[in-house]
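Take a look at the structure below.
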Amino acid sequence: MTTSSSERSERGVSLGMPQLPAPAYPDDVRARLETDAREVIARYPDSRSALLPLLHLVQSEEGHVTRTGMQFCADMLELTTAEVTAVATFYTMYRRRPSGDYQVGVCTNTLCAVMGGDAIFEELQEHLGVGNGGTTDDGKVTLEHIECNAACDFAPVVMVNWEFFDNQTPESAKGMVDDLRAGRPVAPTRGAPLCTFKETARILAGFPDGREGAVEATGGAGHASLIGLKLAKGEAAPARVVHPRGETPRDTPPHEPSPAEHLSSHDAPQDTSASDPAHPSGPVAEEGE
C-alpha cells in the first residue's frame, strides 16, 4: 500500500522540500534595526561577539526570534544562518515562537520544588488553562517552569520577565498573573520595576533602561547566602543556636522581624508570600556587604 504526497503532507510529514527564504523586514523596520545593530557591533573588537545582544535586539522587535530576525543577524555579522540558528536554539532565553507580554517562570529545581514550586506550577497551569510554554488567549502571559534562579533563600521563587517574586504561594502567584492580565500594577519583591518582555529584550541587548528608578533598584541576597559569603571570605559568622520550631528558649525574647527585614522561607514558616502588600519586605543587605 502506498501513500500519496498529499496524504503525507496532511499528516505533517516532511517531503524533503527546501524551506523558502525568510521574509524581509519592512524597509523602515530594517533601517531602524540596522542603526541599532551597528551601535551594538561597534562595542566589540570581533563583530561575531555581538551575536547574543543582536538576538535580543530582534527579539525585542517581535517578541521572539523569527527566521527573519536570524537572517538579519547573519547579514549584519556576515555569518551563515546555520551559525545563527545554532546559537538561537541553544539558549532558552531566546523564544522561538510567539509568546506573551509577561514570561512567568516558576522555579521547579529541587529546593523551590519541595518548598512549593511544583504546587505553584501545577495550579497556575490549571488557573491559566495552558501547559508548559503555553500562552494565554489574550497574549498577556506565557507560563513555563525554569531552572534555578539563584534565589534559594526565598524559595519558592517565581520570575516575571526575569524580575523576582519571592516566597510565593499558589494563591499569591494566581493573584499576580490575574493582575498582569487585567493591567493592574504589579511590583516585584526585589529589583527593578516590571516591564514587558519586548522591553526587557531591548535592555538585554544593551540599550539604556528607561524605567523610573530601575538603575537605583537593588535586590540583595538573603541572610543565609550572605552568611555563606562571609564564611567564604574567611570572616567569622556569629554563633546561632537553632531551637526546634515552635519552642522559644528560656530567657530569650522571641525574634520580631522589622518591616525592612526580608525573611527567607527558611527563617520562619510563612503562610503568605513576601510580595503580599500586607507583608512588606526588602533586601537585608547588598550582596557582598
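Given the structure is predicted, the values throughout are model-derived calculations rather than measurements.
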Item to check | Pairing of R202 and D36 as salt bridge, 4.0 angstrom limit | outcome: yes
Item to check | Gap separating the CD atom of E144 from the CG atom of N132, nearest 0.5 angstrom | outcome: 7.0 Å
Checklist entry - Can any side-chain N or O of N161 pair as donor or acceptor with the backbone N or O of C195 at less than 3.5 Å? => result yes
Checklist outcome for this item: CH2 (W162) and CD1 (I146) are apart, to the nearest 0.5 Å, by 5.5 Å
Next on the checklist: Please determine whether side chain to side chain contact (heavy atoms under 4.5 Å, CB included) holds for the pair D75 and R30, giving the CA-CA distance in whole Å, both sets of side-chain angles, and the decisive distance to 0.1 Å.
Outcome noted: CA-CA 11 Å; D75 293 343; R30 172 119 190 166; 3.6 Å; yes
Item to check | Heavy-atom pair of closest approach, residues L51 and E83 | outcome: CD2-O, 4.5 Å
Item to check | Residue pair T169 / I120, side-chain heavy-atom distance below 4.5 Å | outcome: no
Checklist entry - Do D137 and R181 meet the salt-bridge criterion of a basic N to acidic O distance under 4.0 Å? => result no
Checklist entry - Are any side-chain N or O atoms of S99 and backbone N or O atoms of R95, one a donor and one an acceptor, separated by less than 3.5 Å? => result no
Next on the checklist: Are more than 12 heavy atoms, taken from residues, nucleotides or ligands other than D27, located less than 6.0 Å from that residue's CG atom?
Outcome noted: no
Checklist entry - Where do F197 and G100 come nearest, in terms of heavy atoms and distance? => result CB-O, 3.9 Å
Next on the checklist: Go through it in stages, so that I can follow the logic: the residues are V58 and C73, the test is side chain to side chain contact (heavy atoms under 4.5 Å, CB included), and I'd like the CA-CA distance, side-chain angles, deciding distance and then a yes or no.
Outcome noted: CA-CA 8 Å; V58 297; C73 292; 4.1 Å; yes
Item to check | T196 vs T200, side chain to side chain contact (heavy atoms under 4.5 Å, CB included): CA-CA, chis, key distance, verdict | outcome: CA-CA 6 Å; T196 67; T200 300; over 6 Å; no
Checklist entry - Looking only at heavy atoms, what is the nearest atom pair of Y44 and P53, with distance? => result OH-CG, 3.5 Å
Checklist entry - Looking at T108 and G117, what are the two nearest heavy atoms and their distance? => result CG2-O, 4.4 Å
Item to check | Residues H56, Y94; criterion ring pair (Phe, Tyr, Trp, His ring centres under 6.0 Å); working and verdict | outcome: CA-CA 7 Å; H56 282 299; Y94 301 121; 4.8 Å; yes
Item to check | Heavy-atom donor-acceptor pair, T142 side chain to Q103 backbone, under 3.5 Å | outcome: no
Checklist outcome for this item: Value for CZ (F72) from OG1 (T66), rounded to nearest 0.5 Å, stands at 11.0 Å
Checklist entry - When rounded to the nearest 0.5 angstrom, what is the spacing between CD in E123 and CG in D118? => result 11.5 Å
Checklist entry - Are any non-hydrogen side-chain atoms of T189 and V157 less than 4.5 angstrom apart? => result no
Next on the checklist: Any side-chain to backbone donor/acceptor pair from E126 onto L124? Under 3.5 Å, distance only.
Outcome noted: no
Checklist entry - Would you say L77 and I41 make side-chain contact, with heavy atoms under 4.5 Å? => result yes
Item to check | Side chain proximity check, F207 to E39, heavy atoms < 4.5 angstrom | outcome: yes
Item to check | Heavy-atom check, side chain of K140 versus side chain of L180, under 4.5 Å | outcome: no
Checklist entry - Parallel, tilted or perpendicular: which fits the ring planes of H145 and F121, with parallel below 30° and perpendicular above 60°? => result perpendicular
Item to check | M70 vs V65 side-chain heavy atoms within contact, under 4.5 Å | outcome: yes
Checklist entry - For the side chain of S172 and the backbone of Q168, is there at least one donor-acceptor N/O pair under 3.5 Å apart? => result no
Checklist entry - Does Y25 have R67 sitting over its ring (NZ/CZ under 6.0 Å from centre, angle to axis within 45°)? => result no
Checklist outcome for this item: Residues passing the ring-ring contact (aromatic ring centres under 6.0 Å, His included) test with F164, sequence neighbours excluded, are none
Item to check | Donor on one side chain, acceptor on other, Q71 and T68, under 3.5 Å | outcome: no
Next on the checklist: Check whether E199 reaches the backbone of L194 with its side chain - one donor and one acceptor, N or O, closer than 3.5 Å.
Outcome noted: no
Item to check | E62 and K198: CA distance, side-chain angles, deciding distance, side chain to side chain contact (heavy atoms under 4.5 Å, CB included) verdict | outcome: CA-CA 7 Å; E62 299 176 88; K198 288 183 179 180; 5.6 Å; no
Item to check | Closest non-hydrogen atom pair between L55 and V84, with its separation | outcome: CD2-CG1, 4.1 Å
Checklist entry - Between T135 and G139, which heavy-atom pair has the shortest distance, and what is it? => result CG2-CA, 4.0 Å
Next on the checklist: Donor-acceptor check, side chain of E163 to backbone of V160, threshold 3.5 angstrom: yes or no?
Outcome noted: no
Checklist entry - Side chains of E171 and K174: does their closest heavy-atom pair fall under 4.5 Å? => result yes
Item to check | Close side-chain approach of L33 to V29, heavy-atom, < 4.5 Å | outcome: yes
Next on the checklist: Taking R48 first and then E78, would you say they form a salt bridge - that is, a charged N and a carboxylate O separated by under 4.0 Å?
Outcome noted: no
Checklist entry - Measuring from Q59:CD to L54:CG, what's the distance to the nearest 0.5 Å? => result 12.5 Å
Checklist entry - Do Y102 and I203 sit in the same hydrophobic cluster, where Ile, Leu, Val, Met, Phe, Trp and Tyr count as joined when their side-chain heavy atoms come under 4.5 Å apart? => result no
Checklist entry - Does CZ belonging to R43 count more than 12 external heavy atoms closer than 6.0 Å? => result yes
Checklist entry - Is the side chain of T136 donor-acceptor paired with the backbone N or O of V141 at a distance under 3.5 Å, no angle test? => result yes
Item to check | D178 side chain to H127 side chain, donor-acceptor N/O pair below 3.5 angstrom | outcome: yes
